[in-house]
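Accompanying notes for the structure given below.
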Amino acid sequence: MSVYRGTILLRLFIILFCCLWGGLLFWQIIRSDLANHSANPRAYAVYTAKRGSILERNGEILAYSEATERGYERRYLEPISTSHLIGYLHPRYGMTGLEKRYNSYLVQQRDIILTIDRTIQQVAEDRLDSPGAIVVLQPRTGQILAMVSKPYLNSNLLSELWLDYTSDVASPFFNRGTSGLYPPGSTLKPFLLAGAYEEGTTTPSAVIHDRGQITFDNQVIRNFGGIAHGSITVKQALALSSNQVFAQLAVSLGSTMLRYYHMFSMDSSWDLGVVNKSARMPSEHQSSFGWAQLGIGQGGMLVTPLQMAVAVSTIANRGVRMEPYLVREITGPWLMRRYQRPLVHSTVISSHTAAHVRDAMVLAVSQGTAQAARIPGLEVAGKTGTAQNQQGVDHSWFIGFAPADDPKVAIVVLVEHGGTGGLRAAPIGNTVIKTALESMEERLIP
Amino acid sequence: MNSRNNVWIELGLWGSASFFCLMHHKDGSSWWQLISLWVLFFTLFLITKHRAAPTSGLLIVATFAVIGWLFMCRIDASLALAHWQHWIAASIAYLLALHINWSDYNHKYLYGIFTLLILLITVLIGVEIGGAKAWLNLGSLQFQPIEFARVPLLLFLGGYFYDNQLLLRASSRWPLLRYWGPMFLLMAGVFLFLGVQRDLGPALLFFAIFITMSLYTAFSWHSAAIYLSIGILGVMVGWFQFTHFQQRVWVWLNPWMYEHSLGYQILQGLFALNAGGVFGTGLGYGRGLLIPEVHTDYIFALIGEEFGLVGATLVLLLYLTLLFWIVKISAYTSDKGHLLAIGVMLLWGFQVFLVVAGILKLIPLSGMTLPFISYGGSSLMANMWLLGIITSLGVKRNVCV
């Protein structure tokens, strides 16, 4: 029996189509170098194409594509300090930040909605007048309401100012909020206190005699200004920022203290879409003096403002640590819409412990070192820090949240070489908290 | 494949097409075209069924119609509307062809002369577009007669090979001019006119169809040798006669040297395919619109970009399925119908091959449309007419086993 003759032609076409498929395979899969060929408009088209806007939490535009005669150009609106988060998109200098991370969505002309609040970001930008960083979080959700790092780029003026930016010793490309590593100084004390309460090392009402200094391994740790506070409770010790008391607590906690620092996120980094760093935890083998140093935020302990913000939010959120995030929503038709919900990371301390630490921080604002953060008619919890460093004048820190009984915002202010925390960082924190609460009240955000 | 399964596959396809359409067009203003195309194909399906003709070919073509319409919609809404109108006209051509019994037609010479006449008219009053004088203006209508000429040409070839197959096979050595003469004369006329029009793509296509049909009917090494030498002669004539032809070959061999001039189209096509990768960028998210003639000659590059290797492979497989279906029909028809069906299969098979291989830089570009998917009324109508012929050949009354 002979095969039907027509199949011979069918075989011919099967062979021919196999050749075609080989060609497809070659050009679509194997020749991946074509994507960057100089004649391929796809290689640079992204810089002149219309892309989605980047909006702040209330829908106000932060970045958009503007039509020009040479295609679309990216424009960035006030507050300009969002450039550390949004990054830039420039035909000569490439793309960075969220523009890069969410490029695949933006090129589809889908909008990105951030957790940033324009008003809070603006006031933080205005109030921070020298190199440093401000991070504002919503404790309940972990949303980043504002993140300012000074100095910052103006992404609209890259062509004009690129050389100035690259030669600036203050490095405007560097996001101090997420990547700047600083000794935390006394702002670390609330977390040590939380660990000590949780472990039963001390109680809020325990009385300790403060002599103004203490010696470990023949090395002296002194209170700020060498002041002796006399017989005080542990709560008052935090309010007055007694180095002696916290050095003692740290030595009795030992390496357990590092476990708490770890749980409070001080060696964490997150998938924010923006580069963020963490330093390694100090070694678990320390002398008594080493532990004492770590208890007052010196001695090799390095943190970023964002880590401090997550830590202080954890206390504000009754001991529950939330994952911080920056992008709330990616718009899109129907099923393609992406929405980020708040994520619980872990419960670090009991709500009971958190309440005690909060009370101590409230005391610090009402009667202690952080009185500059006081707001009439509002209970603010806070802690200042004055961190010694090898580069020069002390770094000035303030961490806090408000209202103390139902925290809506948590804030971290760091002023590089700003001197005493209570004089420099706390007043900035005060203004930002006030504006943030007013702004959120106006918008009726729960 | 049984026909019920086909219908289910088809319904799924239309559903996903509507989904794509909704996803891509936020206004969704063109949805009625998709619905009416569906109604149109459903009607054609019922009529075909009613005439006891096979429906698989129609279902495959309906798939092409959806793909084509989706891409027209994606390129430009006004293009989609025109494409939709072309489909309405083409379905009338299909119905006309379906109602004629093609298994035993006469007047093959009439068809042959008709082919020449169409080409002659194009030579005399044609308009030059894109390097080839292949267009006719009829009032506001513009069409490509060559697309219509292929129908009578296939009828002529099928009829001639059938009527004379015994004589043609008689000599196993050199083909006898006595028997082959009329055929050679007519084909020479066709190639002459196509050469004058500088429409070299169809010339190549017709040549491939002609030699394959002739070798299929009456194979001999001698005739194969003759065709080979004619082919080489043709290329040489083309080389020295048409700068157009030389250019295309140079550009084909090294498009990278002409990346912003003559090689632009082929390079942009390759970049588009490359951007597609395995799964494609998704409908509407490619940058294939930069390719010149993306809606006609280069639609396959856009499919490759937006549906990826997977989509492009599926399209090729669908064409193979269509060819398979024609071969299946040809096995059960009268001998005349058999050769006609083989001719149509060769036409579509070679056309798809030449177009896609051109885009893939395997051969020089031939400047033809992708059957049933590309934009173009003349091409759609002619192809639907041919589909009507094939379907009509498969009508049960013609079956003679």
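Keep in mind that the numbers below use all heavy atoms, side chains included, and drop hydrogens, waters and symmetry copies. So that the names make sense, note that chain A is the first sequence line, chain B the second, and so on, each numbered from 1. A quick note: this is a predicted structure, and the numbers were derived from the prediction, not measured.
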A quick test of your reading: do over 12 heavy atoms of other residues, nucleotides or ligands sit less than 6.0 Å from CZ of A:Phe173?
yes

Against chain A, work out which of B:Val356, B:Leu362, B:Leu270 has the most heavy-atom pairs shorter than 4.5 Å and name it.
B:Leu270

Spacing of B:Leu320 atom CG and A:Cys18 atom SG [to the nearest 0.5 Å]
8.0 Å

Decide side-chain contact (heavy atoms from CB on, under 4.5 Å) for B:Val352 and A:Phe13; before the verdict, give the C-alpha distance in whole Å, the side-chain angles of both, and the deciding distance to 0.1 Å.
CA-CA 10 Å; B:Val352 171; A:Phe13 281 112; over 6 Å; no

Give a yes or no answer on whether the side chain of B:Asn274 reaches the backbone of A:Trp27 with a donor-acceptor pair at less than 3.5 Å.
yes

Take B:Leu323 and A:Leu10 through the test side-chain contact (heavy atoms from CB on, under 4.5 Å) and record every step on the way to the result.
CA-CA 7 Å; B:Leu323 301 189; A:Leu10 208 55; 4.2 Å; yes

Bottom line for A:Leu12: the part with an atom under 4.5 Å from chain B's heavy atoms is side chain

Contact origin within B:Thr281 toward chain A - heavy atom pairs under 4.5 Å
neither

Look up atom CG in A:Leu9 and atom CE in B:Met213, then write down how far apart they are to the nearest 0.5 Å.
9.5 Å

If I measure from the heavy atoms of chain B, does A:Ser32 come under 4.5 Å with its side chain, its backbone, both, or neither?
backbone

Side chain A:Gln108, main chain B:Tyr285, donor-acceptor under 3.5 Å:
no

Considering all heavy atoms, the nearest A:Pro41-B:Leu290 contact:
CG-CD1, 3.2 Å

Sorted by chain and number, sequence neighbours left out, side chain to side chain donor-acceptor pair (under 3.5 Å) with A:Glu99 holds for A:Arg51, A:Arg74, A:Tyr76

Go through B:Gly308, B:Gly286, B:Ala341, B:Gly276 and name the one with the most non-hydrogen pairs under 4.5 angstrom from chain A.
B:Gly308

Could you check whether atom CH2 of B:Trp252 has more than 12 heavy atoms from other residues, nucleotides or ligands sitting under 6.0 Å from it?
yes

Could you walk me through whether B:Glu305 and A:Arg42 pass the side-chain contact (heavy atoms from CB on, under 4.5 Å) check?
CA-CA 12 Å; B:Glu305 175 171 23; A:Arg42 286 165 192 78; 3.0 Å; yes

Check whether any side-chain heavy atom of B:Phe300 lies under 4.5 Å from a side-chain heavy atom of A:Leu24, and answer yes or no.
yes

Just checking A:Tyr105: does its OH atom have more than 12 heavy atoms from other residues, nucleotides or ligands closer to it than 6.0 angstrom?
no

Of the listed B:Leu267, B:Leu346, B:Ile342, the one with the largest count of heavy-atom pairs under 4.5 Å with chain A is B:Leu346

Taking side chain as everything from C-beta outward and backbone as N, CA, C, O, which of these in B:Tyr216 sits under 4.5 Å from a heavy atom of chain A? Side chain, backbone, both or neither.
both

Can you say whether A:Leu16 sits under 4.5 Å from chain B via the side chain, the backbone, both, or neither, judging by heavy atoms?
both

Could you tell me whether a side-chain N or O of B:Gln268 sits under 3.5 Å from a main-chain N or O of A:Asn40, the two making a donor and an acceptor?
no

Interface moiety of B:Leu317 toward chain A, non-hydrogen atoms closer than 4.5 Å:
neither

Side-chain contact, heavy-atom cut-off 4.5 Å: A:Trp21 with B:Leu309?
yes

